[in-house]
Amino acid sequence: MPLRFSPVAQRDLSGFTRPLARLIDQFERLPGIGPRTAQRLALHLLNQPSEQIQAFADALLAARSQVGQCQRCFHLSADPLCEICRNETRSTGVICVVADSRDLLALERTREFKGSYHVLGGLISPMDGIGPELLHIQPLVERVDRDGINEVILALTPSVEGDTTSLYLARLLKPFTQVSRIAYGLPVGSELEYADEVTLARALEGRRRME
């Protein structure tokens with residue numbers, strides 16, 4: 001059972017006024033942010049000019065209200081099509097399939113892949129109640145069939161969920177195109193987004209066709 005942390009307001013906050021405690025609590029809700037980092041961020045913001053804090057708040061609200069999903073690949077976008085899908089210099093015959101936009105951004109940092117992407121929105125995980133119908137799998141199949149894609153590269157995390165999703169996609173896509181999966185110089189269970197650029201670049205180059 002995962003550990004649960006009590007909200008900041010319920011802990012001993014000696015020296016913290018209630019509005020500051022609420023701010024720290026909100027920072028702690030962010031992934032990867034612990035109590036000390038949350039306090040440091042909150043205190044840093046309090047020392048900033050009102051104009052800068054307002055700009056921060058405006059940017060946060062604008063991103064929340066304006067950023068949605070690309071209608072083609074489901075990457076984050078404020079427009080109907082994301083910048084990658086609108087880029088006419090990218091190859092349209094190869095699609096790299098990733099679990100979410102964080103993995104897409106990690107691959108883009110390698111500057112090695114010049115094709116298109118498709119963001120699934122997660123991985124198949126029956127234990128978590130996530131089935132194929134909850135992911136952007138059907139649009140991928142339709143896209144491959146409609147656009148005459150030459151190759152689909154599966155760039156999914158090497159885990160039970162990633163392997164399950166890759167095998168499921170391979171069965172669906174093989175009647176339409178060649179399917180390959182990137183090679184991994186990564187420990188099993190590691191997250192794609194945290195891999196360095198060189199490892200990811202070599203993984204793309206060393207991809208293997210899925211039989």
Side-chain angles (χ1 to χ4, degrees), residues 63-184 186 191-193 195 197 200-211:
R64 181 65 183 87
S65 62
Q66 297 175 20
V67 176
Q69 293 180 330
C70 173
Q71 295 178 0
R72 180 181 298 167
C73 75
F74 299 97
H75 179 37
L76 297 176
S77 177
D79 300 300
L81 293 180
C82 69
E83 294 181 359
I84 295 175
C85 286
R86 296 200 307 270
N87 189 340
E88 296 181 355
T89 66
R90 310 279 301 215
S91 171
T92 58
V94 181
I95 294 178
C96 183
V97 179
V98 296
D100 58 41
S101 288
R102 293 172 297 180
D103 296 337
L104 183 155
L105 295 172
L107 288 166
E108 279 296 283
R109 287 197 297 270
T110 70
R111 301 183 183 278
E112 291 291 328
F113 183 66
K114 305 301 181 183
S116 304
Y117 289 96
H118 190 90
V119 180
L120 293 178
L123 297 172
I124 297 173
S125 178
M127 293 290 291
D128 297 319
I130 302 176
E133 70 282 355
L134 298 179
L135 305 177
H136 301 136
I137 291 178
Q138 188 57 38
L140 171 63
V141 176
E142 295 172 355
R143 182 181 174 189
V144 169
D145 182 30
R146 179 184 66 245
D147 298 343
I149 302 301
N150 299 319
E151 180 185 10
V152 171
I153 304 171
L154 303 178
L156 304 177
T157 297
S159 63
V160 173
E161 293 80 7
D163 292 345
T164 300
T165 307
S166 292
L167 291 173
Y168 181 83
L169 290 176
R171 288 198 300 268
L172 289 179
L173 297 173
K174 280 179 183 178
F176 305 102
T177 188
Q178 174 181 319
V179 181
S180 59
R181 189 176 184 185
I182 63 173
Y184 280 99
L186 303 172
E191 296 294 334
L192 196 69
E193 65 172 304
E197 287 84 351
L200 286 174
R202 290 177 177 172
L204 280 170
E205 293 172 357
R207 64 183 183 272
R208 297 179 179 180
R209 185 169 182 174
M210 295 190 69
E211 302 298 337

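We use all heavy atoms of the structure for the numbers below, so side chains are in, but hydrogens, waters and symmetry mates are not.
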Between [X] and [Y], is there a donor-acceptor pair closer than 3.5 Å when you use the side chain of the first and the backbone of the second?
X: D100; Y: D103; result: yes
X: S116; Y: S91; result: yes
X: S101; Y: H75; result: no

Rounded to the nearest 0.5 Å, how far does [atom2] of [Y] lie from [atom1] of [X]?
X: I84; Y: K114; atom1: CD1; atom2: NZ; value: 11.0 Å
X: F74; Y: L135; atom1: CZ; atom2: CG; value: 11.0 Å
X: L81; Y: Q69; atom1: CG; atom2: CD; value: 13.0 Å
X: L105; Y: T110; atom1: CG; atom2: OG1; value: 11.5 Å
X: L104; Y: C82; atom1: CG; atom2: SG; value: 7.5 Å
X: T92; Y: N150; atom1: OG1; atom2: CG; value: 8.5 Å

Nearest heavy-atom pair of [X] and [Y]: which atoms, and what distance?
X: L154; Y: R181; value: O-CG, 3.3 Å
X: L107; Y: A155; value: CD1-CB, 4.0 Å
X: I124; Y: P132; value: CD1-CG, 3.8 Å
X: L123; Y: S159; value: CD1-OG, 4.5 Å
X: G162; Y: L156; value: O-CD1, 4.0 Å

Go through it in stages, so that I can follow the logic: the residues are D79 and S77, the test is side-chain hydrogen bond (donor to acceptor under 3.5 Å, both in side chains), and I'd like the CA-CA distance, side-chain angles, deciding distance and then a yes or no.
CA-CA 5 Å; D79 300 300; S77 177; 4.8 Å; no
Under the side-chain contact (heavy atoms from CB on, under 4.5 Å) test, which residues partner F113, sequence neighbours left out?
R90, V94, C96, Y117, I153, L204
I149/L173 under side-chain contact (heavy atoms from CB on, under 4.5 Å): CA gap, chis, key distance, verdict
CA-CA 10 Å; I149 302 301; L173 297 173; over 6 Å; no
When the ring planes of H118 and H136 are compared, do they come out parallel, tilted or perpendicular, using 30° and 60° as the limits?
perpendicular
Under a 4.5 Å cut-off applied to non-hydrogen side-chain atoms, are [X] and [Y] in contact?
X: V97; Y: V152; value: yes
X: R143; Y: C73; value: yes
X: V144; Y: L172; value: no

Does atom CD of E83 have more than 12 heavy-atom neighbours, drawn from other residues, nucleotides or ligands, at distances under 6.0 Å?
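Counting other residues, nucleotides and ligands, CD of E83 stays at 12 neighbours or fewer.
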Taking CZ in R146 as the centre, count heavy atoms belonging to other residues, nucleotides or ligands within less than 6.0 Å. Is the count above 12?
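Enclosed: over 12 neighbouring heavy atoms sit under 6.0 Å from CZ of R146.
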